[in-house]
Amino acid sequence: LKAASHCSGKEAGTQHVHGPWCSVPMHGLIHVVLRELVLSKYGAESWQQILGKLSVTEDAAIVDVSVQYEDSLTVSAFAATAEVAGLKLDEVLRIFGAFFAEWAHCGSQNRLVLSMGDTLVAFIRNINGLHFQQYRHSRNSTFPNFLLDDNDGVHLSYASARGTKFAPLVEGIIPSIGKIIYNQEVTMTRQKEARSGYCLTWHLSIMPRPGTAMAYEPSFDVGLATRLSGMWHQALMPSTFPAMFPKSFGDEGDARAMTELAEKFSRTQGEDYRVSFLMCAVPAGHVASPWHDPSRLVSIRDFWASKSGNPKDFNLSVPAPFATRFVSHSWDEPVDWVERMGAKCSYAEFKATELAYLAQDLMLARRGSSVGDWRTEVTYWIDKACVPQGHPISAEYISRIDEFIKRCRGMVVLFSWQYFERLWCVVEWAVFLVWHAPTDIHICAGTLLRESTQKAYIDAIENFSVANSKCSFESDREVLHHTICHHYDSTLAFENFAKVTAISLLFLTVVRAAPFSAKAMSTHSEAAQPWIDLAGRLGFHDLCDALATADVVQWHSTASALAGEDMQQSATGGKAASTGAASIGASSSEWQRIFSGLIDAWFEEKIIPILKDWKEDSVLPLYLGLAARRLNSYNRLFSAVPLPKFGPRTLPPVKPSQCNGAVGLVPCPTTVSKRLRTSSADSRRCRVSL
């Protein structure tokens, strides 16, 4: 719940308390909440005394929600507060932690906090996932790492780049969360010895609060908390909504516009022209929102809550020659969603937030240091927004989904554990892998991949079968099954290729979520082992051996060293540290960049060749050749055509000459030979242990 980000440089007039943790910056929201704590509990005069001790005359010098301050200044402010209040520093930090938990619960963090589980134990177990979501929103942040062990009592272990200096914050936050959200009393007792690899371990005593659950009454101005939380969001991610969103998304029942669209389409000659006419994309800002913008998130949640579309949904999209990503997902939430994720975790919000953070990831990859205007520059192809449901022309769109997949730069899979149970999802995965590289699939499962869901994911992949996939309309099954057989050597070849890609990409998702603190790396490495074991059980021995070469601990150590970390200081303060344990003073953003680069280099060297081999042995040779030509021509198209802008749905037919021949692809033949080459003794499918 406590974010630490890069320093803004506004340090004039302050007196710093120096320590081994002082080079890690702290977000200005901490200062804002500290001021509100002092004003509400000790009064305005006490706050002025604190400013005086910091040699500051005005609030603006240290209280700015858009500024990121050094830890040394933050510690000085806490020390001054303790002196004025007549308390010890640890006591002030505990009081602040409890107050900050209340603030987060009433502000923009509420939806994210509630999504972490229906019980306090579930919340604590998923708190690293909460921090990972926070990191995706604030890329320069540094967060602690936690490990919950409830085998013999409830024990919570804590690792932080700041050592134990801010541990009292946790002793304030956890009991407060237990009280205001779960109506439980929590007592945290420090243990004499910390768990190996961690700074501190507590024993937690969790008891129901006496009496019936009572409505929570905050001890501060909730309106102010909400406004300032919103300011925090705007400071980190400047909003472009006023210029981007019109007052109305169009007349919901405007049949005339749809009739005109159908008439224009009927006059369009040639299949390539028709596909170009129908191709559209929806800007990310219409269907995605980060957790930190709750009002917008609630609005977008309605879009994802139902599969039924209408003209308003269709008007979210704009004509476009291509889309950044094709979105593949199951509209229905898993039947055991509440059991595994909790009643307060929304499947619709998962989709909206994952697409928002992916859009930011794509912009960072493009620009290097800024997410830019991800809401307009990143576009998605989503059936509900890109197909006019309920209108007769929708059949023209649905019959060309494979063509739309070709015209997307990549595919994002909102990967629930029931994804492979839906036949439409399976077909989208199959068609995409024919025309694109497996690495162009972005799996979004970070929020869902928890201890409570890991086995469900593993079982879903291990038991995946096209024959057992479900279809809303059985009349579609034969057509969809034919689509797979049309492109692949056999159904079995596709199933194995799908499993290999899914295991590889989910393993990559787990590895990327590594904690910044080196002390928790051994535990994180253990989380990747089930995917290695799964590859072995399925007989994918080449993949199993390659995944086993992933050395997350060594990558972490190398990234820390290259990020300029002070290797002479340990996370517990002042002691000599081993290469893999130190993390004080490192820039978390630089560390993450280097760490990700090491992962990418490993994946490129070890995994991608295996995926290429599987594709060559699974996809029919005819389509391998067509896909190679498509890749070359579409790369020219993607680099030549500017990103789509908002405008009326009047896209003229695109001529092949305008796109260097990229649109004029050779149409797929209606019938192809089931096997155009001689079976090879070393064919990939023959190496699978059956």
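Just so you know, residue 1 is the first one in the sequence shown, and it goes up from there. All values below come from the heavy atoms of this structure, side chains included, with hydrogens, waters and symmetry mates left out. Please read all numbers here as calculations on a predicted model, not as lab measurements.
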Quick one: are [X] and [Y] in side-chain contact, heavy atoms under 4.5 Å?
X	Y	result
Tyr457	Trp531	yes
Met188	Ile174	yes
Leu297	Glu349	yes
Thr558	Trp555	no
Lys53	Ile50	no
Pro334	Arg340	no
Leu148	His155	no
Lys165	Val75	no

Q) Given Met341 and Leu448, is the side-chain contact (heavy atoms from CB on, under 4.5 Å) satisfied, shown in steps? A) CA-CA 8 Å; Met341 298 297 296; Leu448 304 187; 3.6 Å; yes

Q | CA sep, side-chain torsions, deciding dist, call: Phe420, Phe415, ring pair (Phe, Tyr, Trp, His ring centres under 6.0 Å) | A | CA-CA 9 Å; Phe420 274 145; Phe415 199 70; 5.6 Å; yes

So, for [X] and [Y], which heavy atoms are closest and what is the spacing to 0.1 Å?
X	Y	answer
Ile180	Ala101	CD1-O, 3.8 Å
Leu93	Leu169	O-CD2, 3.4 Å
Lys351	Trp304	CD-CE3, 3.5 Å
Ala356	Ala288	N-CB, 3.4 Å
Cys199	Ala159	SG-CA, 4.0 Å
Ile461	Ala502	CD1-CB, 4.0 Å

Any sub-3.5 Å donor-acceptor pair from [X]'s side-chain atoms to [Y]'s backbone N or O?
X	Y	value
Gln418	Asp332	yes
Asn128	Phe146	yes
Ser289	Ala352	no
Asp150	Gly153	no
Gln191	Thr189	yes
Thr119	Ala122	yes
Thr201	Arg195	yes
Ser176	Ala98	yes
Thr509	Leu505	yes

Q) Can Glu333 and Phe350 be said to form a side-chain contact (heavy atoms from CB on, under 4.5 Å), step by step? A) CA-CA 11 Å; Glu333 69 180 35; Phe350 152 71; over 6 Å; no

Q.
Looking at Glu451, I want to see if its CD is surrounded by more than 12 non-hydrogen atoms of other residues, nucleotides or ligands under 6.0 Å.
A. no

From [atom1] ([X]) to [atom2] ([Y]), nearest 0.5 Å:
X	Y	atom1	atom2	result
His203	Asp149	NE2	CG	10.5 Å
Ile124	Trp202	CD1	CH2	10.0 Å
Thr353	Arg301	OG1	CZ	12.0 Å
Arg125	Ser452	CZ	OG	9.0 Å
Ile181	Glu102	CD1	CD	11.0 Å
Ile599	Asp551	CD1	CG	11.5 Å

Q. Would you call the rings of Tyr182 and Phe123 parallel, tilted or perpendicular, where under 30° means parallel and over 60° means perpendicular?
A. tilted

Q: Carefully, step by step, assess Thr453 and Arg450 under the rule side-chain contact (heavy atoms from CB on, under 4.5 Å).
A: CA-CA 5 Å; Thr453 62; Arg450 303 176 177 178; 4.1 Å; yes

Q) So which pairs with a foot in residues 85-101 pass side chain to side chain donor-acceptor pair (under 3.5 Å), sequence neighbours left out? A) Arg94-Glu171

Answer yes when [X] and [Y] have at least one side-chain N-carboxylate O distance shorter than 4.0 Å, and no when they do not.
X	Y	answer
Glu185	Lys179	no
Lys344	Asp118	no
Lys455	Asp459	yes

(Q) For a side-chain contact (heavy atoms from CB on, under 4.5 Å) check, start with the C-alpha distance between Tyr357 and Trp291, then their side-chain angles and the critical distance, and finish with the verdict. (A) CA-CA 10 Å; Tyr357 293 125; Trp291 289 106; 3.5 Å; yes

Q: Go through Tyr158 and Tyr198 one step at a time and tell me if the ring pair (Phe, Tyr, Trp, His ring centres under 6.0 Å) criterion holds.
A: CA-CA 6 Å; Tyr158 167 83; Tyr198 287 80; 8.9 Å; no

Q: Run through Leu506, Leu508, Leu449, Leu414 and flag the one making a side chain to side chain contact (heavy atoms under 4.5 Å, CB included) with Ile443.
A: Leu506

Q: Please identify each residue that fulfils ring pair (Phe, Tyr, Trp, His ring centres under 6.0 Å) with Trp337, with sequence neighbours left out.
A: Tyr347, Trp417

